[in-house]
*Asks:* 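Below you'll find the structure I mean.
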Amino acid sequence: MVSGALPGFRDFYPAELAERTHIFATWREVAHRFGFVEYDGPPLEPLELYTKKSGDEIVGQLYNFVDKGDRAIALRPEMTPTLARMVAARANALRKPVRWFSIPQLFRYERAQRGRLREHFQLNMDIVGESDVTADAELLAAAIEIMRLLGLGPDDVRARVSDRRILHGYLLAAGVPDAAFGGVLAVVDKIDRQPRDVSEEKLAALGLGASAVRAVMDVPEQTSLASIQALNVQGGEAAVAEFSRFAEYVEALGGGEYLQPDLSIVRGLAYYTGIVFELFDAKGELRAICGGGRYDNLLKQSGGPDLPALGFGMGDVVLGELLRARTLMPAPAAGLDVWVAFGESAGVSDAMRVSSRLRARGLSVEYALGGQQLSRQLKAAAAAGAREAVILGAPDVAPDEATVRRLDDGHERRVRLDEWIDEAGPAASARSPTHS
RNA sequence: GUGACCGUAGCUCAAUUGGUUAGAGCACCGGACUGUGGCUCCGGGGGUUGUGGGUUCAAUUCCCAUCGGUCACCCCA
């Protein structure tokens with residue numbers, strides 16, 4: 001490994017780029033089906049766009065530098081601030097609710113690990129201007145539909161959903177002081193990943209009594225709609241009713257099989273205000289595929305309009321790992337339509353003329369740039385994945401004729417060259433769809 | 001940022017207690033094939049064994065550092 005890409009960055013060879021393209025195409029397809037339109041912003045932003053609300057500690061995880069105009073610049077680590085700015089600038093002019101999506105490349109200066117690089121592409125889908133949980137259901141249904149279209153079923157991927165307000169009400173009712181809420185969330189977030197007594201000690205250190213500690217330790221048990229509805233939630237009754245409605249809507253939108261209520265889903269970002277969700281592989285081997293939720297106060301806090309909003313981010317790295325593990329990546333795209341080969345009595349310029357005419361008709365065409373024997377040319381044609389080869393200048397063939405050879409079964413026919421070219425075209429050569 | 005493990009052709013792996021010019025398969029290029037692909041046979045290119053030091057008569061092998069990768073923390077996307 002002499003000089004590869006920077007740590008945490010990827011070279012996309014054709015095979016890898018084909019995988020990325022497959023993911024992107026699916027993202028765009030589903031976004032389109034759900035009525036979302038695509039936008040984009042600059043990959044470089046003022047540093048303060050991220051430091052303002054997120055605090056200075058985020059600077060340590062940013063790619064940042066000072067440009068030649070002495071401006072503090074950052075490579076964007078997330079898309080939401082850009083979205084907030086763009087929506088805010090035209091808030092009054094936009095038809096609400098806004099349904100926008102983007103596929104930005106995002107950057108984080110962190111130590112790279114599996115499923116977590118210093119760069120990734122992330123589908124962002126957001127809805128701005130709708131406060132009802134219909135929007136939450138619509139958004140999650142879109143994320144689920146992406147899984148389905150990629151071939152990932154409910155046995156592969158689960159959608160865990162929770163609601164900040166229900167958890168808050170439950171903790172209040174259990175006697176957890178408001179001031180300890182943030183610390184308790186941090187414990188809940190990793191309650192399954194660390195020993196029970198460690199969690200209990202941390203909770204006690206936050207000033208929780210024995211019954212409150214027990215209540216917090218019960219949070220991961222709340223994994224059904226019924227159990228959540230039965231909870232004592234101080235001031236969270238409306239949220240529970242909304243949550244029930246949300247589940248009903250997701251069901252109606254066809255995502256019910258994936259749905260898994262789980263009150264212990266916290267999500268790291270502090271700005272979430274309501275329903276939060278994450279998609280993860282059912283085996284629990286990988287990092288989260290997707291995370292999102294409602295952030296009703298963010299736009300206003302960012303100096304923008306007071307509009308309710310919600311959204312999710314879905315990265316290409318973990319998703320790609322899961323698709324490869326399940327062998328759901330498509331076979332490499334079909335190669336060439338036609339390979340133009342030339343024998344003894346034809347030259348490369350003849351192949352060029354024929355190629356040019358075929359290309360003008362929309363076909364994918366290649367020929368041997370280095371003069372090769374016919375056997376080499378046909379070998380190269382097969383290696384390039386060509387559907388058929390047209391052989392020019394074969395003996396016993398009239399000057400205006402050529403041999404067309406199907407490369408899958410070797411079937412050959414003689415054609416009048418001009419007629420054959422005139423009939424060739426993308427429509428006449430529709431490729432069979434590729435399968436995984 | 002902390003800790004642990006791992007680095008040999010593009011890929012997967014070899015190399016007897018440290019012992020000659022570090023090998024193989026696949027892939028790539030070419031020849032047999034001056035008129036028809038996938039097979040076969042033959043040949044070729046490609047490694048300063050991640051890098052830099054150290055120990056030794058001798059280092060792919062042992063030691064240190066560094067870089068990179070993986071994993072767990074941290075944090076999150």
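So that the names make sense, note that chain A is the first sequence line, chain B the second, and so on, each numbered from 1.
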*Asks:* For nucleotides 40-42 of chain B, print each protein N/O atom paired with a nucleotide N/O atom at under 3.5 Å, atom names and distance only.
*Replies:*
none

*Asks:* Can a salt bridge be assigned to the pair A/E321 and A/R287 using a cut-off of 4.0 Å between side-chain N and carboxylate O?
*Replies:*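 No, A/E321 and A/R287 are not salt-bridged.
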*Asks:* Would you classify A/R406 as touching base, sugar-phosphate or nothing, given that sugar-phosphate means primed atoms plus P, OP1 and OP2, and contacts are heavy atoms under 4.0 Å?
*Replies:*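 Base, at least one base heavy atom under 4.0 Å.
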*Asks:* Test side-chain contact (heavy atoms from CB on, under 4.5 Å) on A/W420 and A/V390; report intermediate values, then the result.
*Replies:* CA-CA 10 Å; A/W420 179 74; A/V390 56; 3.9 Å; yes
*Asks:* Pull out every protein N or O sitting under 3.5 Å from an N or O of nucleotides 69-74 of chain B, one pair per line with the distance.
*Replies:*
unit_1 : atom_1 : unit_2 : atom_2 : d
B/G69  : OP1    : A/G8   : N      : 3.4
B/C71  : OP2    : A/R114 : N      : 2.5
B/C73  : N4     : A/Q113 : NE2    : 3.2
B/C74  : OP1    : A/K190 : NZ     : 3.4

*Asks:* Taking A/R413 for the side chain and A/R405 for the main chain, is one N or O donor matched with an acceptor at less than 3.5 Å?
*Replies:*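 Such a contact is absent between A/R413 side chain and A/R405 backbone.
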*Asks:* Can you tell which of B/C76, B/G37, B/G30 lies closest to the side chain of A/R405?
*Replies:*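 Looking only at side-chain atoms, A/R405 lies closest to B/G37.
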*Asks:* What nucleic acid atoms does A/D316 come within less than 4.0 Å of, heavy atoms only: base, sugar-phosphate, or nothing?
*Replies:*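 The answer is nothing, as A/D316 stays clear of every strand by at least 4.0 Å.
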*Asks:* Atom CZ of A/R414 to atom C1' of B/U36: distance rounded to whole Å?
*Replies:*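 About 13 Å, once rounded to whole Å.
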*Asks:* Identify the stems formed by RNA chain B, where each pair is Watson-Crick or G-U wobble with both distances under 3.5 angstrom and a stem is at least 3 consecutive pairs.
*Replies:*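 Stem list for RNA chain B: B:1-7 with B:67-73, B:10-13 with B:23-26, B:28-32 with B:40-44, B:50-54 with B:62-66.
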*Asks:* Have a look at A/F277 and tell me which of A/V161, A/L310, A/V250 forms a side chain to side chain contact (heavy atoms under 4.5 Å, CB included) with it.
*Replies:*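 Result: among A/V161, A/L310, A/V250, A/V161 is the only option passing the side chain to side chain contact (heavy atoms under 4.5 Å, CB included) with A/F277.
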*Asks:* Determine, for A/R165 against A/D163, whether the closest basic-nitrogen to carboxylate-oxygen distance falls under 4.0 angstrom.
*Replies:*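 Here A/R165 pairs with A/D163 in a salt bridge, since their nearest N and O are under 4.0 Å apart.
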*Asks:* Please classify the nucleic acid contact of A/I391 as base, sugar-phosphate, or nothing, using heavy-atom distances under 4.0 Å.
*Replies:*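 Base contact.
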*Asks:* Hydrogens and angles aside, do A/T82 and A/E45 bring a side-chain donor and acceptor to less than 3.5 Å of each other?
*Replies:*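 Checked: A/T82/A/E45 side chains pair up, N/O donor to acceptor below 3.5 Å.
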*Asks:* If I take atom CG in residue A/D11 and atom P in nucleotide B/C11, what distance separates them, rounded to the nearest angstrom?
*Replies:*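 Computing the A/D11:CG to B/C11:P distance gives 12 Å.
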*Asks:* How close or far is atom C1' of B/C76 from atom CD of A/E78, stated in whole angstroms?
*Replies:*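 Whole-Å distance recorded here is 11 Å.
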*Asks:* Which pair of non-hydrogen atoms, one from A/L206 and one from A/G183, has the smallest distance, and what is that distance?
*Replies:*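 Of all heavy-atom pairs spanning A/L206 and A/G183, the closest is CD1-C, 3.5 Å.
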*Asks:* Hey, what's the ring geometry for A/F181 with A/H168, parallel, tilted or perpendicular (30° and 60° as the breaks)?
*Replies:*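 If you compare the ring of A/F181 with that of A/H168, the planes turn out tilted.
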*Asks:* Between the side chains of A/R76 and A/Q105, is a donor N or O closer than 3.5 angstrom to an acceptor N or O?
*Replies:*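 The criterion, which ignores hydrogens and geometry beyond distance, is not satisfied for A/Q105 and A/R76.
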*Asks:* Rounded to whole angstroms, how far apart are OH on A/Y272 and P on B/C76?
*Replies:*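 Value for this atom pair: 12 Å.
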*Asks:* Rounding to a whole Å, what distance do you find between A/R376:CZ and B/C29:C1'?
*Replies:*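 Going from A/R376 (CZ) to B/C29 (C1'), I get 8 Å.
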*Asks:* Write down the distance between CG (A/L392) and C1' (B/U36), rounded to a whole number of angstrom.
*Replies:*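 Computing the A/L392:CG to B/U36:C1' distance gives 13 Å.
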*Asks:* Give A/G410 one of three labels, base, sugar-phosphate or nothing, depending on what nucleic acid heavy atoms sit under 4.0 Å from its own.
*Replies:*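 Base contact.
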*Asks:* Can you see whether A/Q260 engages A/R160 through a side-chain donor-acceptor pair at a distance of less than 3.5 angstrom?
*Replies:*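 Not at all, the side chains of A/Q260 and A/R160 share no donor-acceptor pair under 3.5 Å.
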*Asks:* Separation of A/E412 atom CD from B/G37 atom P, in whole Å?
*Replies:*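 So the two atoms are 9 Å apart, to the nearest Å.
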*Asks:* Are A/E119 and A/R10 close enough for a salt bridge, meaning some N to O gap below 4.0 Å?
*Replies:*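 The answer is yes: the pair qualifies as a salt bridge.
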*Asks:* Charged N to carboxylate O below 4.0 Å: is that the case for A/E16 and A/R20?
*Replies:*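 Salt bridge: no.
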